[in-house]
Amino acid sequence: MEETRAVIPMRPLTFGELLDAAVSLLRAQAPLLLGAAFVLAAVQQVLLYPLREWAHMRPPAYWLVLDDYPAQSWLVFCVSMALEAGVLSLLGGFAGAAAGPGLLGRKVRGRDLLRQVLRRALPLLVIAALTAALIFATSLVLMLPWPLLFGLLGLAPPALVVDRIGPFRAIGRSFKLAGRGLRGVFIRVGGYISWAAIRLALGLGGAALLEIWLRPYGTGYAIAMIAVWTIVDTVAYAALACIDAVLYIEVRMRVEGLDVAIGRLRRLNRPIDLAGSVILGAAVR
């Protein structure tokens, strides 16, 4: 396998270094990650369109209609949060497949990573469905438990693909690693909030441009805003998935000594498999 420069440093990272590594990972596998993110973001927008019409939530930002339709608009908001969590879980599998080669400095074609994800498609769908259901339930309760649960679930898709374990063990592993001092929770929630602000700014900026040519609240404007949010979410979702994947690798280095185990195998000139028992048991013995 062709060697190249690693995009994920082989050491525990600061928050800024972790974000830089996530961007580097996205750049390294941009066609695959952005392509998958575009398809999933488009499906999400199509599914939400009739629900938003029913709840009278209008573009550009689809704010809650608390005066006239509080129950309907809050329900649709919770559905959108659940769909978003499911999308991020699916993309976390793609980013997780790219993270291993990104850490080891191996050049892998996007089609090979896609085949790797497709082999794990069913358990990945199980994680996405469970995540969406849990996020929907916590969103209904005024979002109070959402930050903790959102942060604890984020490492499950990369764990599933990188470690080649089952979906329920991957979720347990995510809770264990992200919950260690809650550092992983804070990083994931912080990354989400940062990208939420960026998405809102880009979406409203796109809406302002559209209003130069299109009449607000018309059908053409509504369709154009679906396209705008799809494009904005494509970049945001791919970036967030890469943060999850890099965070998973980084937490394993910080908690389990993954970098030490890889260094030992390299000194012994032995093959490196991130899912191998030597790696998984590196610092837990």
Q: Could you list the residues that satisfy ring pair (Phe, Tyr, Trp, His ring centres under 6.0 Å) with Phe186, not counting sequence neighbours?
A: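 Checked Phe186 against ring pair (Phe, Tyr, Trp, His ring centres under 6.0 Å); zero matches.
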
Distance in Å, [X] [atom1] paired with [Y] [atom2], rounded so as to fall on 0.5 Å steps:
X	Y	atom1	atom2	value
Leu258	Met253	CG	CE	6.5 Å
Asp244	Ser89	CG	OG	8.0 Å
Gln44	Thr234	CD	OG1	10.0 Å
Met10	Ile249	CE	CD1	9.5 Å
Asp233	Gln45	CG	CD	5.5 Å
Tyr248	Leu103	OH	CG	12.0 Å

Write down the atom of [X], the atom of [Y], and the distance for their closest heavy-atom approach.
X	Y	answer
Leu153	Leu134	CD1-CD1, 4.2 Å
Val76	Arg52	CG1-CG, 4.0 Å
Ala99	Ile8	O-CD1, 3.6 Å
Ala156	Ile127	O-CD1, 3.9 Å
Leu210	Ala224	CD1-CB, 3.6 Å
Ser174	Gly154	OG-N, 3.8 Å

Q.
For Arg173, is there an ion pair with Glu256 - N to carboxylate O distance below 4.0 angstrom?
A.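 Looking at Arg173 together with Glu256, the answer is yes, because their closest N to O distance falls below 4.0 Å.
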
Q.
Under 4.0 Å between a side-chain nitrogen and a carboxylate oxygen: does that hold for Asp112 and Arg106?
A.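 Arg106 and Asp112: not salt-bridged.
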
(Q) Checking Leu247 against Leu155 for the side-chain contact (heavy atoms from CB on, under 4.5 Å) test, could you report, in this order, the C-alpha distance in whole Å, the side-chain angles of both residues, the deciding distance, and whether it holds? (A) CA-CA 8 Å; Leu247 178 61; Leu155 304 186; 3.9 Å; yes

Quick one: does [X]'s side chain get under 4.5 Å of [Y]'s, heavy atoms only?
X	Y	answer
Arg58	Glu53	yes
Phe94	Leu113	no
Tyr192	Leu240	yes
Leu91	Leu33	no
Ile223	Thr219	yes
Val46	Ile226	no
Leu124	Pro157	yes
Met57	Val65	yes

So, the side chain of [X] versus the backbone of [Y]: is there a donor-acceptor pair under 3.5 Å, distance only?
X	Y	value
Ser73	Tyr69	yes
Arg188	Phe150	yes
Glu17	Thr14	yes
Ser80	Phe77	yes
Thr131	Ala85	no

Q.
Quick check with a 6.0 Å cut-off and a 45 degree axis cone: is Arg215 positioned over the face of Tyr221's six-membered ring?
A.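 No.
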
Q: Any chance you could lay out the side-chain contact (heavy atoms from CB on, under 4.5 Å) test for Met143 and Ile135, step after step, and finish with the verdict?
A: CA-CA 9 Å; Met143 298 289 290; Ile135 292 299; over 6 Å; no

Could you state whether [X] and [Y] fall into the same hydrophobic cluster, counting links through intermediate Ile, Leu, Val, Met, Phe, Trp or Tyr residues with side-chain heavy atoms under 4.5 angstrom apart?
X	Y	value
Val260	Ile262	no
Leu66	Tyr62	yes
Leu204	Ile231	no
Leu144	Leu149	yes

Q) Among all residues two or more places apart in sequence or in another chain, which pass the side-chain contact (heavy atoms from CB on, under 4.5 Å) test with Arg254? A)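 Counting only residues at least two positions away or on another chain, Arg254 forms a side-chain contact (heavy atoms from CB on, under 4.5 Å) with Pro12, Arg183, Glu250.
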
Q | Leu130: side-chain contact (heavy atoms from CB on, under 4.5 Å) partners, not counting sequence neighbours | A | Val126, Phe168, Ile171

(Q) Glu211: which residues meet the salt bridge (Lys or Arg N to Asp or Glu O under 4.0 Å) condition with it, sequence neighbours left out? (A) none

Q: Determine which pairs satisfy side chain to side chain donor-acceptor pair (under 3.5 Å) with at least one residue from residues 135-161, sequence neighbours left out, and list them in order.
A: none

Q: Decide side-chain contact (heavy atoms from CB on, under 4.5 Å) for Leu13 and Arg11; before the verdict, give the C-alpha distance in whole Å, the side-chain angles of both, and the deciding distance to 0.1 Å.
A: CA-CA 6 Å; Leu13 307 175; Arg11 55 181 170 78; 3.8 Å; yes

Just distance, no hydrogens or angles: give the donor-acceptor pairs under 3.5 Å from side chains in residues 18-32, sequence neighbours left out.
| residue | atom | partner | partner atom | Å |
| --- | --- | --- | --- | --- |
| Ser24 | OG | Asp20 | O | 3.1 |
| Gln29 | NE2 | Val108 | O | 3.1 |

(Q) Around atom CZ of Phe38, are there more than 12 heavy atoms from other residues, nucleotides or ligands closer than 6.0 Å? (A) no

(Q) side-chain contact (heavy atoms from CB on, under 4.5 Å), that's the test. Do Val189 and Leu148 meet it? Break it down for me. (A) CA-CA 8 Å; Val189 173; Leu148 179 62; over 6 Å; no

